[in-house]
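One structure is given below, encoded as structure tokens.
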Amino acid sequence: MPIYSYKCSNCGYTKDALQKYSDAPLTHCPNCGKETLVKQLSAPGFELKGKGWYATDFKGGSSAALPASHARDDSSGKKSS
């Protein structure tokens, strides 16, 4: 479930809430008691961990992870035979 950030447009109170995507947004501010709580737009945060396609295939930028059919013998763009 995602964590949503909320901010009261009346008093400036901020709150993070763990909610389902289908849950209705919160509107009641627990600080001032008004219906002025607004969902904030924020960047998602995630981190890829462990051994995966990025770490094993692309991270170093080397062609070692390329299949033999994609390997090149020189910089002319010809495939090796």
Side-chain angles (χ1 to χ4, degrees):
M1 281 193 292
I3 299 173
Y4 294 103
S5 297
Y6 289 89
K7 184 175 182 179
C8 178
S9 59
N10 183 51
C11 68
Y13 174 80
T14 59
K15 173 182 178 138
D16 291 335
L18 182 65
Q19 294 181 288
K20 292 180 184 177
Y21 182 75
S22 60
D23 288 347
L26 303 176
T27 57
H28 181 78
C29 177
N31 190 48
C32 68
K34 296 189 177 183
E35 297 294 320
T36 52
L37 209 57
V38 179
K39 190 185 292 188
Q40 300 292 298
L41 181 63
S42 61
F46 70 95
E47 182 177 342
L48 301 174
K49 293 185 177 183
K51 295 181 180 180
W53 61 269
Y54 172 74
T56 58
D57 297 343
F58 297 103
K59 189 173 184 177
S62 69
S63 62
L66 292 175
S69 63
H70 287 78
R72 298 178 188 261
D73 60 354
D74 61 10
S75 61
S76 66
K78 296 179 183 175
K79 290 186 180 182
S80 61
S81 47

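Note: hydrogens, waters and symmetry copies are ignored here, and every other heavy atom, side chains too, is used.
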Minimal heavy-atom distance between Ala24 and Gln19, with the atoms involved, is O-NE2, 3.3 Å
Suppose we screen for side chain to side chain donor-acceptor pair (under 3.5 Å). Which residues come up paired with Tyr4, at least two apart in sequence or across chains? none
Can you hop from Leu18 to Tyr13 via hydrophobic side chains spaced under 4.5 Å? no
Using 0.5 Å steps for rounding, measure from the CG atom of Leu26 to the NZ atom of Lys15. 6.0 Å
Restricting to side chain to side chain contact (heavy atoms under 4.5 Å, CB included), what partner residues turn up for Asn10, sequence neighbours left out? Cys8, Cys32, Lys34, Thr36
Could you walk me through whether Lys7 and Val38 pass the side chain to side chain contact (heavy atoms under 4.5 Å, CB included) check? CA-CA 5 Å; Lys7 184 175 182 179; Val38 179; 5.9 Å; no
Across all chains, not counting sequence neighbours, the side chain to side chain donor-acceptor pair (under 3.5 Å) partners of Ser5 are Asp16
Locate the shortest heavy-atom distance separating His28 from Leu37; write the atom from each residue and the value. O-CD2, 3.5 Å
